[in-house]
Amino acid sequence: MDIHEITSLIKDTDPEIFDLVTKEEERQTSQIRLIPSENYASPAVRAALASVFTNKYGEGYPGRRYYQGQVNTDAMENMVRERAAKVFGYPYANVQALSGAPANLAVYNAFLKPFEGRIMAMRLDHGGHLTHGSPVSVTGSWFEFLHYGCNENDVLDMEEIRRMALEFKPHILVCGYTAYPRTIDFEAFGEIAKEVGAISMADISHIAGLVAGGAHPSPWPHIDIVTFTTHKTLRGPRAAIILSKNPEHAEKIDKSVFPGMQGGPHFNTIAAIGVALKEADSDAFRAYAAQVVKNARALAQGLKKRGYRILSGGTDNHLMLVNVRSTHNLSGKRVAKAMEEVGIICNFNTVPNASDRQKPLNPDGIRLGTPAVTTRGMKEEHMDELAGLIDRAISNVRAGKIPKGESHWKDEGLVKPLAEDVRALAEKFPTFTWE
Ligand SMILES: *Cc1c(COP(=O)(O)O)cnc(C)c1O
């Protein structure tokens, strides 16, 4: 029995949803997915999501539930918490947060009162997350944020961050990003937080799999609270984990998640987190994490060689930002749309040190990452081939204003052969492999 047989159970009950699931699977197989926050979860993770744990309610925590019948859910949640603690080296783990955004809000809510709390984090257009105090997120309206950014070399300046923290005196100092290609100096962040009396928090959503696999330094023991999504480089289900160092913090966080913000935990998701953590605690996963970084370096190198400007000059992790305005006079959005037409999926992204034309919905850059293609088994040589395909797409996109009704391609004739080459590369690889 394989995962397709589980999926096929949808067919008779709901042919419409089944049809879309089938089409999405075909898309994920035939296209090359370079969105750095996406991945392919293993069949075992997906099977756990489909398990009978979805049938159970259990508000509260193991041993302290509001419903009976918790013999297996208690054992399971305890096991998953222990695995999280072991893989990341922190003593306390909450595995109930429904996703990354509520996990971050749960941390702020654990320690701060609305309209009284001060938090310092990275600005959104330099790689921070919406939940790091964007005005369109409740985090930005409930708490007072001061944002730091990258310097003229597109990297964090720890001295400047320290100076800002000494002045602002945040209650929480946040590091960890959605679009930052360099290693995070957790020790320096931890020291600044200590110096100003703040709780240090690392949102390692993007790099959790790299940390688990030893391909990025760990926040332990420098950072007090660690949040992360489990569905990005960690390759688990869509959910989040919150780690903490000391028992008082852990207790406040548990209360903030439930009953503070959520009702019953999603036990099927927690079981799937457990499977992902078991997978992550293996030599095969450590090899995967190392390969993700090698592939990102190779892709960045392949693009640099072809004349692209990679922010900060390269990458230490799984992602890179490419400023396509500065080299090709194109907006990231036009490039991302054109790339989709040939089967390469990325996202447009704001970049630091942008032109004055950059807007959130029409930024100067694109963001590319290697977690998904690495799960398929691609290696460095395929990254150079991929850089060539990306270059064939981008160098065929027209710059400047395009009159209504006209194509954004310079030469329409090149599009189909390119799309065929992209598909051929993608279909050489399965969507999930431990090789
Ligand atoms: C993805 C991400 C989140 C949000 O996670 P969701 O599961 O989409 O809510 C939060 N912080 C960072 C840094 C992220 O990359």
Side-chain angles (χ1 to χ4, degrees), residues 33-39 41 45 49 84 88 94-110 119-134 136-140 143 145 147-150 156 172-184 186 189 200-212 216 219 223 225-243 253 256-257 261-262 265-266 269-270 272-273 276 292 296 315 317-321 346-350 352 360 367-372:
R33 302 167 60 225
L34 294 175
I35 295 175
S37 46
E38 293 186 0
N39 215 328
V45 165
L49 284 171
F88 290 91
N94 180 300
V95 296
Q96 291 194 6
L98 299 177
S99 217
N104 286 346
L105 189 53
V107 174
Y108 305 154
N109 177 58
I119 309 175
M120 221 176 112
M122 170 89 108
R123 46 192 276 196
L124 183 65
D125 63 343
H126 283 201
H129 189 258
L130 285 166
T131 56
H132 300 176
S134 158
V136 298
S137 150
V138 291
T139 60
F143 305 103
F145 271 84
H147 287 112
Y148 55 86
C150 292
L156 294 171
I172 299 178
L173 174 61
V174 182
C175 63
Y177 315 103
T178 60
Y180 187 68
R182 293 301 183 179
T183 300
I184 301 169
F186 292 122
F189 272 104
S200 53
M201 168 175 165
D203 174 355
I204 62 166
S205 291
H206 261 260
I207 55 170
L210 304 184
V211 170
H216 187 289
I223 300 291
I225 312 284
V226 180
T227 62
F228 56 94
T229 50
T230 49
H231 48 275
K232 296 175 184 172
T233 48
L234 191 60
R235 225 160 56 177
R238 308 197 75 82
I241 292 178
I242 307 171
L243 305 170
I253 285 167
S256 175
V257 172
M261 288 184 42
Q262 296 181 180
H266 295 187
T269 306
I270 294 172
I273 295 175
V292 166
T315 178
N317 59 24
H318 63 301
L319 69 78
M320 68 212 68
L321 294 160
C346 72
N347 65 281
F348 56 83
N349 218 96
T350 53
R367 189 180 66 149
L368 307 174
T370 54

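Indexing begins at 1, ligand by ligand and atom by atom, following the structure's order.
The shortest side-chain heavy-atom distance between Thr178 and Ser37 does not fall under the 4.5 Å cut-off.
The proximity of Ala101 to ligand 1, defined as any non-hydrogen pair under 4.0 Å, involves the side chain as well as the backbone.
Checking Met122, Lys232, His129, Arg238 against atom 15 (O) of ligand 1, the nearest heavy atom belongs to Lys232.
Within ligand 1, counting atoms from 1 as listed, the ones closer than 4.0 Å to a heavy atom of His206 are 15 (O). For ligand 1 and Tyr177, the ligand atoms under 4.0 Å from any heavy atom of the residue are 13 (C). Within ligand 1, counting atoms from 1 as listed, the ones closer than 4.0 Å to a heavy atom of His231 are 7 (O). Close contacts of ligand 1 with Gly100, meaning ligand atoms under 4.0 Å from a residue heavy atom, involve 4 (C), 5 (O), 6 (P), 7 (O), 9 (O). Set against the non-hydrogen atoms of Thr229, the atoms of ligand 1 under 4.0 Å away are 5 (O), 7 (O).
Distance check, rounded to the nearest 0.5 Å: CG of Asn317 to CG of Leu319 gives 4.5 Å. Taking NZ from Lys232 and CD1 from Ile35, the interatomic distance works out to 11.5 Å, rounded to the nearest 0.5 Å. Here the NE2 atom belonging to His132 is positioned 8.0 Å from the OH atom belonging to Tyr148, to the nearest 0.5 angstrom.
Ring planes of Tyr177 and Tyr180: perpendicular class, angle over 60° (limits at 30 and 60°).
Using a 4.0 Å threshold on non-hydrogen atoms, atom 8 (O) of ligand 1 does not count as touching the protein.
Between Asp203 and ligand 1, an N or O atom pair is found at a separation short of 3.5 Å. Geometrically, ligand 1 and Ser99 share a nitrogen or oxygen pair separated by less than 3.5 Å. Not one N or O of Gly176 is nearer than 3.5 Å to an N or O of ligand 1, by distance alone.
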Between Phe88 and Ile204, does a side-chain contact (heavy atoms from CB on, under 4.5 Å) hold up when you go through it step by step? CA-CA 11 Å; Phe88 290 91; Ile204 62 166; 4.2 Å; yes
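Checking side-chain atoms of Ser99 against main-chain N and O of Ala101 turns up no donor-acceptor pair under 3.5 Å.
When Asn109, Thr139, Asp203 are each tested for a side-chain hydrogen bond (donor to acceptor under 3.5 Å, both in side chains) with Asn104, only one passes: Asp203.
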